[in-house]
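Okay, so here's the structure we're looking at.
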Amino acid sequence: MAVAECRFRISGGLPAGGEGGGGSAVGETKYTATSCRAHTASLTDFGAVGDGVTSNTKAFQAAVTALAEFSGDGGGLLYVPAGQWLTGPFNLTSCMTLFLHRNAVILATQDMNEWPVIDFLPSYGRGRDAPGGRYSSLIVGSNLTDVIITGDNGTIDGQGGFWWAKFHHKQLKYTRGYLVELLYSDQIFVSNLVFLNSPSWNIHPVYSSNIIIKGITISAPVHSPNTDGINPDSCSHVRIEDCYIVSGDDCIAIKSGWDEYGIAVGMPSQHIIIRRLTCVSPTSATIALGSEMSGGVQDVRAEDITAIDTESGVRIKTAIGRGGFIKDIYVRRMNLHTMKWVFWMTGNYNSHPDQKYNPDAIPDVEGISYSHVTAENVTTAGRLEGIEQAPFKGICMFNVSVEVRKARKTTWVCESVEGISSSVTPAPCDAFKDEGLTPAACPFPEDRLPIEDVEMKDCTLPSTVSL
């Protein structure tokens, strides 16, 4: 195969599974991914020991180095067999699949000496926990093409309790790393895995494009600090579907840089699909836009969303000094159970990387559409607080039913917002008078994005590493 084979294919090309042939041989196992690989190696081929005690950092690094030789020859798959594989951070390479057996657990080491300190992201200007650099994430990669992280529901465990305690006791000089961070990369596929107890965010694609994340479970204690589930950050053409997330922070947060640093980089997050998401997060949002959104967020399409015991549905977070924009946001068919707010927009989320931000950098928030929303056991239907000199506008709500937990004088709070509504119960504030709208007034795009038509293939694990 040539390097060109390491590419997502759009439906209409070769039939799915064409590279796998017509069925499995005895002892072979099929799996589904965006690319199949011509070469396979097991982690044990590089001296790894799956006892949960021995460090396998060098084994992971050696395996990736060996598979990198095949990036122009059909790519390589690293198979992680059953066992507990303790490791520090390691890099992936292009045209590579990391595949975990159902009883494989990659365990993040608690040896601080194995966690290198790396530069802060240019669109943030510092670490999020502290000024300066940050600890590496566990699984990382930069400037890659065609990267797959998948398996048969194997587990990646960050053993985050170690980090959370240090964070709470202010014992960390640098910002905590994540479970997965891929930078400046294209064609990323993450599926069929369990992510546990991340030190901070779980999955963080940044400055990347053509990303599919599907069929994963993310879990951390609901009061663990900053354990966001999936955070696309200055990313384009993203598809997140069929995920179950229990988190101490936002289940999904779409970001694009912080204040003057994000403005300077100027890379928006856009063309993002989120569907069939289930979220539990008592102190945060099901889906958050921001608060670091200075490069802009546009064309986000969320549908068939379920949240249980979660602080808010879709939350917009921004502030004076952010600049940028949040626009063309479409949400439909949300089912929410036990919420503090259904709708929450905040224009005064005043956290800044430093005091160099521009007070004239006012974010533009407009074109937010909600339809077919049902919520029960809710404290307040909506808390919508824009910015006085730049009201949030073009907000549309259609066919919304909210069961407020108990009688309250105020079921909606609205400041510096403008919009329209129809068939909303309880009746929203005066800024959203019922105008007898048709469904078309609160639109959801009917066109398909290219990321929706990426072709899946039936791939085959050789019998020597079969499940």
Side-chain angles (χ1 to χ4, degrees), residues 230-241 250-257 268-277 279 284-305 307 310 312-319 322-334 336 341-347 349 362-373 375 382-387 390-400 414 416-421 424 428 431-432 437 439-449 451-452:
I230 304 168
N231 289 6
D233 197 341
S234 292
C235 289
S236 295
H237 300 285
V238 180
R239 185 173 118 203
I240 301 169
E241 60 190 14
D250 302 320
C251 286
I252 294 177
I254 301 173
K255 301 176 179 289
S256 64
S269 280
Q270 59 188 345
H271 311 310
I272 296 174
I273 294 168
I274 303 168
R275 56 197 182 197
R276 299 184 301 275
L277 165 71
C279 169
S284 291
T286 308
I287 300 171
L289 309 174
S291 75
E292 303 91 337
M293 41 61 65
S294 300
V297 175
Q298 184 172 17
D299 188 15
V300 177
R301 310 175 184 194
E303 59 183 334
D304 300 315
I305 307 300
T310 296
S312 60
V314 176
R315 184 181 180 191
I316 292 174
K317 302 187 284 187
T318 188
R322 287 289 194 272
F325 53 83
I326 297 176
K327 58 185 180 180
D328 303 332
I329 310 301
Y330 310 97
V331 182
R332 67 180 177 184
R333 297 195 300 267
M334 282 200 306
L336 312 175
W341 296 286
V342 175
F343 307 103
W344 192 8
M345 300 181 183
T346 308
Y349 201 88
I362 310 297
D364 177 17
V365 178
E366 62 177 310
I368 316 297
S369 178
Y370 303 104
S371 63
H372 309 297
V373 177
R383 178 180 172 184
L384 310 178
E385 299 167 319
I387 297 172
F392 298 173
K393 57 189 179 182
I395 302 165
C396 186
M397 292 182 282
F398 175 79
N399 190 23
V400 174
C414 302
S416 303
V417 292
E418 303 171 3
I420 54 177
S421 70
V424 176
F432 299 92
L437 307 172
C442 296
F444 195 97
E446 297 302 324
D447 64 306
R448 291 178 67 84
L449 296 177
I451 195 67
E452 296 184 78

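For this chain, numbers begin at 1 and follow the sequence in order.
Of all heavy-atom pairs spanning Pro363 and Ala319, the tightest one is CD-O, 3.4 Å. Across every non-hydrogen atom of Gly290 and Ala253, the tightest pair is O-CB, 4.3 Å. Considering all non-hydrogen atoms of both residues, Trp341 and Gly382 come closest at CD1-C, 4.4 Å.
Atom CG of Leu384 sits about 9.5 Å away from atom CZ of Phe392, to the nearest 0.5 Å. We find the CD1-CD1 distance between Ile272 and Ile329 to be 8.0 Å, quoted to the nearest 0.5 Å. Atom NZ of Lys327 and atom CD of Gln298 lie 4.5 Å apart (nearest 0.5 Å). Atom CZ of Arg315 is separated from atom OG1 of Thr346 by 4.0 Å, given to the nearest 0.5 angstrom. The SG atom of Cys442 sits 11.5 Å away from the CD1 atom of Ile368 when rounded to the nearest 0.5 Å. Rounded to the nearest 0.5 Å, atoms CD1 (Ile420) and NZ (Lys393) are 14.5 Å apart.
In this structure Asp233 satisfies the side-chain hydrogen bond (donor to acceptor under 3.5 Å, both in side chains) test together with Tyr124, His204, sequence neighbours excluded. Taking Arg275 as the reference, Glu241, Glu452 meet the side-chain hydrogen bond (donor to acceptor under 3.5 Å, both in side chains) condition, with sequence neighbours excluded. With sequence neighbours left out, Cys235 forms a disulfide bond (SG atoms under 2.5 Å apart) with no residue at all. Applying the salt bridge (Lys or Arg N to Asp or Glu O under 4.0 Å) rule to Asp328 yields no partners; only residues at least two apart in sequence or on another chain are considered. Legend: residues meeting side-chain hydrogen bond (donor to acceptor under 3.5 Å, both in side chains) with Ser369, ordered by chain and number and at least two apart, are absent. With sequence neighbours excluded, the residues satisfying side chain to side chain contact (heavy atoms under 4.5 Å, CB included) with Thr286 are Leu277, Cys279, Ile305, Ala307, Thr310, Met339. Remark: Ser416 pairs with no residue by the side-chain hydrogen bond (donor to acceptor under 3.5 Å, both in side chains) rule, at least two apart or across chains. Under the rule for a salt bridge (Lys or Arg N to Asp or Glu O under 4.0 Å), the partners of Arg301 that lie at least two apart in sequence or sit in another chain are Asp299, Asp447. Partners of Asp304 under the salt bridge (Lys or Arg N to Asp or Glu O under 4.0 Å) rule, at least two apart in sequence or in another chain, are Arg333. With sequence neighbours left out, Ser256 forms a side chain to side chain contact (heavy atoms under 4.5 Å, CB included) with Ser234, Ser269, Met293, Val297. For Phe343, the ring pair (Phe, Tyr, Trp, His ring centres under 6.0 Å) criterion is met by Tyr370, Trp412, not counting sequence neighbours. Residues forming a ring pair (Phe, Tyr, Trp, His ring centres under 6.0 Å) with Phe398 (at least two apart in sequence, or on another chain): His372.
Counting heavy atoms from C-beta outward, Tyr349 and Arg322 have side chains that approach closer than 4.5 Å. In this structure, the side chains of Phe444 and Ser371 stay at 4.5 Å or more apart for every pair of heavy atoms.
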For this session: Assess whether side-chain contact (heavy atoms from CB on, under 4.5 Å) is satisfied between Val417 and Phe432, documenting all intermediate values.
Result: CA-CA 9 Å; Val417 292; Phe432 299 92; 3.7 Å; yes

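The pair Asp250-Lys255 does not meet the salt-bridge criterion, since no charged nitrogen lies less than 4.0 angstrom from a carboxylate oxygen.
With respect to Ile240, the side-chain contact (heavy atoms from CB on, under 4.5 Å) criterion is satisfied by exactly one of Ile254, Ile252, Ile273, Ile287: Ile252.
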